[in-house]
**Q** 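Before I ask anything, here is the structure I am working with.
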Amino acid sequence: GTEQTSWMPTLGRPVMRHKQYHHHHYRSLISQKHAPTMMPHLEAAENDYFTNNPPPKDIKANITLAREFVGRHADDGRRVVLVTSGGTTVPLESQTVRYIDNFSAGTRGATSAEYFLEHGYAVIFLHRQFSLLPYSRHYSHNTRSFLDFMKEDNGRVVVDEQHQDEMLRVLRQYDEVKRAGKLLILSFITITEYLWDLREVAKLMQPLGPRAMFYLAAAVSDFFVPHDRMVEHKIQSSEEFSQSAGSNNGKPPAARTEGRSLIIDLEPVPKFLKQLVDGWAPEGMIVSFKLETDPSMLVKKAQYSLEKYAHHLVIGNLLATRKWEVVFVSAMEGEKWIRVPRHRRTKSFSGVESLVGAADLQNHESGRSLVADASVPH
Ligand code: PMT
């Protein structure tokens with residue numbers, strides 16, 4: 001039968017689990033410290049954040065869309081992945097003129113979303129507004145304009161001959177995904193919008209159990225300006241026009257001018273991966289990314305993240321080489337590099353995603369392997 005007994009160290013007692021819960025069991029083996037329920041101090045930090053930083057205007061609309069989407073695919077027994085993509089911003093003013101940004105064009109997220117769709121997943125694509133989108137990414141944000149793919153033919157606009165085959169292929173995939181309603185696109189701009197969307201969508205995905213995956217490729221701010229320390233209006237560069245200090249609640253504003261300098265005092269963003277793993281998505285498979293610039297830090301930091309959050313997989317990448325190589329770090333398989341062979345590293349090549357894609361992740365329900373034979377010779 002499919003029922004198996006597995007020892008759940010966090011619960012301290014043997015429990016009956018369906019086979020597909022194996023990855024869950026494995027997660028508990030990584031870290032025996034954390035019970036699958038949320039710990040009180042985490043709950044407090046979470047509540048503080050969401051109490052003090054109000055939801056985005058479109059949160060209700062996003063919840064409605066996500067509820068319908070998840071419900072429909074749950075009924076069909078389909079796997080659903082939440083792909084996050086693009087960088088979050090930290091606004092310095094409520095009426096925002098200036099903000100701090102996190103680097104991410106959205107290539108990783110948009111490309112991976114296409115491969116997940118190809119492998120039968122339904123995809124919720126939570127992305128930074130105007131960052132790359134699945135399918136249309138092939139024709140946007142280029143050095144070329146999309147108009148360069150077109151030409152005039154007897155008073156009508158058509159696709160240029162040399163792009164016909166490629167665009168037909170992309171268009172067919174896109175139409176199929178649209179027809180089947182397998183792609184939901186949501187967007188964020190700020191860190192707070194991102195975190196609200198992530199939390200609400202994750203909670204809606206709970207009924208999917210282990211058929212839910214989280215693929216967190218977005219570049220998330222580590223420091224931010226809390227709502228109650230944000231000034232309302234554009235920060236003035238000239239002292240004569242500077243607002244008299246004092247933001248909401250009489251707290252010192254996080255940004256102020258001193259002489260001719262701008263002083264910004266940022267606070268840490270709580271580590272929400274912890275909440276996601278333990279509270280919002282206790283049964284889902286969670287894949288996070290780690291971006292570094294110093295090669296000697298990458299694997300160490302990825303391992304640290306895996307141990308700290310006790311989720312399934314950390315995919316490490318370096319800013320300079322992220323399109324050609326990534327390292328998978330998991331408790332099950334240790335450290336595993338995936339590299340695009342040198343001769344394929346051309347401009348038109350879509351990147352390491354075509355080697356990794358979803359195929360390597362989708363075995364998680366069987367608990368056998370997170371990384372299939374995906375590595376290619378260097
Ligand atoms: O979009 P591209 O141009 O293609 O680039 C892709 C990419 C390099 C952005 C992508 O592959 C990548 O590495 N994304 C993650 C970058 C990142 O934010 O790393 P981090 O070290 O800030 O965060 C690591 C993890 O901690 C993330 O899963 C994040 O969800 C989590 N985190 C971060 C901040 C925070 N306050 N709480 C968190 O839980």
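Every number for a ligand or one of its atoms is a count from 1 in the order of the listing. Residue numbers start at 1 and run along the sequence shown.
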**Q** Atom CG in Asp294, atom NZ in Lys300: separation rounded to 0.5 Å?
**A**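 If we round to the nearest 0.5 Å, Asp294:CG and Lys300:NZ are 8.0 Å apart.
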**Q** Would you verify whether the NZ or CZ of Arg199 falls within 45 degrees of the ring axis of Phe50 while also being under 6.0 Å from that six-membered ring's centre?
**A**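 Here Arg199 passes the 6.0 Å and 45° test against Phe50.
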**Q** Looking at His119 versus Tyr121, is the centre-to-centre ring distance below 6.0 Å?
**A**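 They do not qualify: ring centres at least 6.0 Å apart.
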**Q** Residues in ring-ring contact (aromatic ring centres under 6.0 Å, His included) with Phe214, at least two apart?
**A**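 Partners of Phe214 by the ring-ring contact (aromatic ring centres under 6.0 Å, His included) criterion come out as none, since no residue qualifies.
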**Q** Give the residue and atom name of whichever protein heavy atom lies nearest to atom 26 (O) of ligand 1, and the separation in Å to one decimal.
**A**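 The closest one turns out to be Leu273 CD2, 4.1 Å.
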**Q** Assess Ala218 for proximity to ligand 1: is some non-hydrogen atom of it under 4.0 Å away?
**A**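 It does, in that a heavy atom of Ala218 comes within the 4.0 Å cut-off of ligand 1.
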**Q** Against heavy atoms of Ser104, which atoms of ligand 1 measure under 4.0 Å?
**A**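 Once the distances to Ser104 are compared, the set is 1 (O), 2 (P), 3 (O), 9 (C).
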**Q** Should the pair Glu93-Lys234 be classified as a salt bridge under the 4.0 Å nitrogen-to-oxygen rule?
**A**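 No salt bridge links Glu93 with Lys234.
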**Q** Report the relative orientation of the aromatic rings in Phe188 and Tyr194; use parallel for angles under 30°, tilted for 30 to 60°, perpendicular for over 60°.
**A**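 Perpendicular, since the angle between the ring planes exceeds 60°.
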**Q** What residue and atom, counting heavy atoms only, is the protein's closest point to atom 28 (O) of ligand 1, and at what distance?
**A**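 For this ligand atom, the closest protein heavy atom is Ser288 CB, 3.2 Å.
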**Q** Determine whether any heavy atom of Pro270 lies closer than 4.0 Å to an atom of ligand 1.
**A**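 True for this residue.
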**Q** More than 12 heavy atoms of other residues, nucleotides or ligands under 6.0 Å from CZ of Phe149: is that the case?
**A**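 Enclosed.
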**Q** Should Asp228 and Lys251 count as an ion pair when the cut-off is N to O under 4.0 Å?
**A**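 The answer is yes: the pair qualifies as a salt bridge.
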**Q** Could you tell me the residue and atom name of the protein heavy atom closest to atom 20 (P) of ligand 1, and the distance to it rounded to 0.1 Å?
**A**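 Answer for atom 20 (P) of ligand 1: Lys290 NZ, 3.8 Å.
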**Q** Check each atom of ligand 1 against the heavy atoms of Val269 and keep those under 4.0 Å away; list them by number with element.
**A**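 Those of ligand 1 that fall under 4.0 Å from Val269 are 36 (N).
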**Q** Give the residue and atom name of whichever protein heavy atom lies nearest to atom 38 (C) of ligand 1, and the separation in Å to one decimal.
**A**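 Looking at atom 38 (C) of ligand 1, the protein heavy atom closest to it is Phe272 N, 3.7 Å.
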**Q** Ion pair present between Arg229 and Asp265, side-chain N to carboxylate O less than 4.0 angstrom?
**A**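 Answer for the salt bridge query: yes.
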**Q** Using a 4.0 Å heavy-atom threshold (strictly under), name the region of Ala217 that reaches ligand 1: side chain, backbone, both or neither.
**A**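 For Ala217, only backbone atoms sit under 4.0 Å from ligand 1.
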**Q** For atom NZ of Lys151, decide whether the heavy atoms of other residues, nucleotides or ligands shown that lie under 6.0 angstrom number more than 12.
**A**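 Enclosed.
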**Q** Indicate, as side chain, backbone, both or neither, the part of Lys271 found under 4.0 angstrom from ligand 1 when only non-hydrogen atoms are considered.
**A**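 Both parts.
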**Q** Output yes when the distance from some N or O of ligand 1 to some N or O of Gly106 is under 3.5 Å, and no in every other case.
**A**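 Such a contact does occur with ligand 1.
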**Q** Show the atoms of ligand 1 that are less than 4.0 angstrom away from any heavy atom in Ala219.
**A**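 Counting from 1, the qualifying ligand atoms are 16 (C), 17 (C), 18 (O).
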**Q** Could you work out, for atom 30 (O) of ligand 1, the closest of Ile191, Thr88, Val220 by heavy-atom distance?
**A**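 Ranked by closest heavy atom to atom 30 (O) of ligand 1, first place is Val220.
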**Q** What do we get for Ser85 next to ligand 1 when only non-hydrogen atoms under 4.0 Å count, side chain, backbone, both or neither?
**A**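 The answer is neither.
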**Q** Starting from atom 4 (O) of ligand 1, locate the nearest protein heavy atom and write down its residue, its atom name and how far away it is, to 0.1 Å.
**A**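 Looking only at protein heavy atoms, the one closest to atom 4 (O) of ligand 1 is Arg108 N, 2.8 Å.
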**Q** Please list, in number order, the atoms of ligand 1 under 4.0 Å from a heavy atom of Arg322.
**A**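 What qualifies from ligand 1 is 2 (P), 3 (O), 5 (O), 8 (C).
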**Q** Tell me, which protein residue and heavy-atom name are nearest atom 3 (O) of ligand 1, and how many Å apart are they?
**A**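 It is Ala105 N, 3.0 Å.
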**Q** Assess Tyr309 for proximity to ligand 1: is some non-hydrogen atom of it under 4.0 Å away?
**A**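 No; Tyr309 lies far enough from ligand 1 that no heavy-atom distance drops under 4.0 Å.
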**Q** Can you tell me how far the CD atom of Glu200 sits from the CD1 atom of Ile63, to the nearest 0.5 Å?
**A**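 Taking CD in Glu200 and CD1 in Ile63, the distance rounds to 4.0 Å.
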**Q** Who's the nearest protein heavy-atom neighbour of atom 12 (C) of ligand 1, and how far?
**A**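 That would be Phe289 CB, 3.6 Å.
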**Q** Could you list the atoms of ligand 1 found under 4.0 angstrom from a heavy atom of Leu291?
**A**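 In order of numbering, the contacting atoms are 8 (C), 13 (O), 16 (C), 19 (O).
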**Q** Just which atoms of ligand 1 are under 4.0 Å from any heavy atom in Ser221?
**A**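 What qualifies from ligand 1 is 34 (C), 36 (N).
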**Q** Is a salt bridge present between Arg128 and Asp101, judged by a nitrogen-to-oxygen distance below 4.0 Å?
**A**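 Counted as a salt bridge, because a side-chain N and a carboxylate O are separated by less than 4.0 Å.
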**Q** Heavy-atom contact under 4.0 Å between Pro268 and ligand 1?
**A**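 Judged by the 4.0 Å heavy-atom criterion, Pro268 does not count as contacting ligand 1.
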**Q** Report the nearest protein non-hydrogen atom to atom 13 (O) of ligand 1: residue, atom name, distance rounded to 0.1 Å.
**A**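 Going by distance alone, atom 13 (O) of ligand 1 is nearest to Asn317 ND2, 2.9 Å.
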**Q** Taking 4.0 angstrom as the limit, do Glu176 and Lys182 come out as a salt bridge?
**A**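 Salt bridge: no.
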